[in-house]
Each structure stands twice: as structure tokens, then as C-alpha cells.
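Residue numbers begin at 1 in each chain, while the letters A, B, ... track the order of the sequences.
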There are 2 protein chains.
Amino acid sequence: MKGEKNPLAGSTTLLVLSLLSRSDMYGYQMIAELEARMDRTFTMKEGTLYPILHALENQGALKSYQKEAPSGKLRKYYHITKKGLSLLEEKKEEWTVFTQKVNAVLAEAGPAPEPA
Amino acid sequence: MKGEKNPLAGSTTLLVLSLLSRSDMYGYQMIAELEARMDRTFTMKEGTLYPILHALENQGALKSYQKEAPSGKLRKYYHITKKGLSLLEEKKEEWTVFTQKVNAVLAEAGPAPEPA
DNA sequence: TTCCATACATAGATTATCTATGTACCTCTG
DNA sequence: CAGAGGTACATAGATAATCTATGTATGGAA
């Protein structure tokens with residue numbers, strides 16, 4: 001039982017699509033952005049993110065383009081497509097339903113209440 | 001990309017501990033109980049549950065005992081220990097923090113608002 | 001020129017969950 | 001009573017998601 005990992009729990013795709021629904025971003029930036037927003041909770045690793053970006057692009061949910069940074073370094077920006085936006089809605093709905101049901105079970109946790 | 005599985009998302013242990021915090025239960029019953037509460041969302045499979053129960057018992061979070069069903073069949077009931085209860089609190093906190101932060105990111109999803 | 005941060009990428013290991021299967025016993029039905 | 005189906009527990013092997021580790025390349029700072 002060394003399962004003290006990062007339970008991103010299948011929500012990685014959701015988070016990525018969510019970030020990109022606001023503005024185009026590049027990979028490294030998404031990591032920093034999520035790190036900032038969710039700090040201690042978790043960090044998305046490069047080895048997790050890049051394959052997901054590639055897969056989403058293959059599905060047609062994202063499109064990428066190169067853009068030069070002020071520093072002169074090339075960055076690969078991702079733009080969400082219509083297909084990506086509807087995928088986002090779908091995943092968002094799934095997430096909401098799932099978490100609500102888990103929360104309902106949690107709410108009942110604890111010793112059984114004495115009927116008054 | 002055939003990833004349309006059951007993303008229990010690492011919350012299985014949390015759900016099991018949560019159920020057992022109310023009353024002792026046996027494996028098959030927990031599956032039915034969760035199925036009833038979360039229906040379409042997902043079903044916990046036996047191949048997922050039993051190994052988790054064994055692992056939790058090895059950690060000392062649960063204790064099991066045999067009890068005969070009215071039918072005469074033997075059932076293996078699980079009882080949550082103090083250790084299990086504190087593990088539950090811990091997991092619950094993690095879950096809450098994590099989902100809240102994801103929700104915060106989701107809340108900002110969508111096209112960037114026009115500043116008024 | 002050495003080191004560190006940025007930036008992208010991928011192979012291989014781990015972990016979690018599922019699929020499939022097995023055993024055993026009980027109840028119902030023909 | 002034989003067989004089917006539900007209950008109940010269990011585990012091996014497959015699949016999927018994530019992490020670890022590493023590699024390449026560049027730019028700026030020490």
C-alpha cells in the first residue's frame with residue numbers, strides 16, 4: 001500500500017479542456033497554471049500532460065500552432081475546437097454527476113444517527 | 001483512445017470506508033448499496049472491491065468476521081476500526097480539497113468574459 | 001562555461017480498475 | 001432430483017492512466 005500518488009483520477013482531460021476553453025495556452029504554461037490554482041493538491045507532470053495533448057489533437061478536440069516567445073524560444077500553443085468544446089461539456093457533466101453522488105454517500109458517513 | 005471506462009478515480013477506498021462508517025457490511029452488499037446510490041454513474045466490480053477490502057484489512061483499517069445469513073450462507077462482514085475512521089477522515093479531506101479546486105477551475109471555463 | 005529554467009517529447013514502470021473465470025452453496029422449478 | 005440462476009467470495013491476467021526517468025534543445029544568469 002504505497003498508493004500515495006497523485007489521484008488526478010481521470011480528471012486530467014477535463015482540466016486541460018477547461019483551461020483551453022478560456023484561452024490558447026502551451027503545455028508548460030498549463031502545468032504552471034494548474035500548479036498555481038491547485039498547489040499542494042497536486043501537480044500535473046509533463047509525462048502526463050503531453051501525451052494527453054497529443055491524443056486530444058488526434059481526436060480533433062484541439063489544434064496546435066507554433067508561436068515564438070519574446071525570448072525567441074518556440075512554443076506550441078493549443079486551441080480548442082468546437083469538438084473540443086462539446087467534449088468539455090460532456091466531461092464536465094460526467095464529473096458533476098459523479099462527484100455529487102460521491103458527496104451524497106459521504107454526507108451519510110459517520111455513526112448512524114439516533115432516530116429522535 | 002478507448003478510455004471510456006469506469007473512472008472511479010481513486011475514490012473507491014473512500015466510498016468503501018464511508019459505507020462502513022455507518023454499519024458493518026459484507027462485500028456483495030456494498031456493491032449493491034453503491035449500485036443503488038450511484039446507479040448509472042458506475043458500478044463497483046467485485047474484482048475491484050475484494051482486493052481493496054483485503055488491503056484495508058491488512059492495514060488494520062478494517063476487521064472482518066463471519067456471520068451466517070438467514071439462508072445459512074456464510075457472509076464475511078467488515079467492521080471499520082479507529083484506524084479506519086481516521087483514514088476515512090483523511091481521505092474525505094483530500095477528496096473535498098481536490099474536488100473544490102477542480103470545481104474552481106471548471107467555474108472559470110468558457111470564453112473569457114468581456115470586462116464590463 | 002557551467003548551471004538552471006524553459007519547453008517539448010517519449011519509453012518504461014507503477015498503480016488502479018476491469019474482465020474473465022472459478023468455487024461453492026442455496027433456492028426454485030420442472 | 002437435475003439444472004438454472006442468484007448469492008457470495010476470490011484471484012489471475014488484461015487494460016488504462018499516471019508517474020518516473022530521461023533526452024534534446026535553447027536562453028539567461030552566475
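Rounded to whole Å, atom P of C/dT17 lies 17 Å from atom OH of B/Tyr50. For the pair A/Tyr77 OH and C/dA7 C1', the computed distance is 11 Å after rounding to whole Å. The distance between atom CG of A/Leu49 and atom P of D/dT18, rounded to the nearest whole Å, is 11 Å. One atom, OH of B/Tyr26, and another, C1' of C/dA24, lie 16 Å apart when rounded to the nearest Å. Rounded to whole angstrom, the span from the CE atom of A/Met44 across to the C1' atom of D/dA17 amounts to 13 Å. If you measure from atom NZ of B/Lys45 to atom P of D/dA16, you get 14 Å, rounded to the nearest angstrom. Across the protein-nucleic acid pair, A/Tyr28 atom OH and C/dC8 atom P stand 9 Å apart, rounded to whole Å. As a whole-Å value, the separation of A/Ile31 CD1 from C/dA7 P is 11 Å.
Remark: A/Thr12 is in phosphate contact with D/dT18, judged by side-chain N or O atoms under 4.0 Å from OP1 or OP2. Contact between the side-chain N/O atoms of B/His54 and the OP1/OP2 oxygens of D/dC9 is not found at any separation under 4.0 Å.
Under the 4.5 Å side-chain heavy-atom criterion for ILVMFWY residues, no single connected hydrophobic cluster contains both B/Val97 and A/Phe98.
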(request) For nucleotides 21-30 of chain D, just jot down a letter per nucleotide in 5' to 3' order: B, S or -, based on protein non-hydrogen atoms under 4.0 Å. (result) ----BBS---
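The shortest heavy-atom contact between B/Ser18 and B/Ser21 is O-OG, 2.7 Å. Among all heavy-atom pairs drawn from B/Gln59 and B/Lys83, the shortest one is O-NZ, 2.9 Å. Pairing each heavy atom of B/Leu17 with each of B/Leu56, the nearest pair is CD2-CD1, 4.1 Å. Contact between A/Lys45 and A/Ile31 at its shortest, heavy atoms only, is C-CD1, 4.4 Å.
Distances from the side chain of A/Lys76 to the nucleotides D/dC9, C/dA9, C/dA7 place C/dA9 closest.
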Distance-only donor-acceptor pairs under 3.5 Å for side chains of residues 69-78 of chain A, two or more places apart:
from	atom 1	to	atom 2	distance (Å)
A/Ser71	OG	A/Lys73	N	3.3
A/Arg75	NE	A/Tyr26	OH	3.4
A/Arg75	NH2	A/Tyr26	OH	3.2

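In this structure, the side chains of B/Val16 and B/Met44 come closer than 4.5 Å at one or more pairs of heavy atoms.
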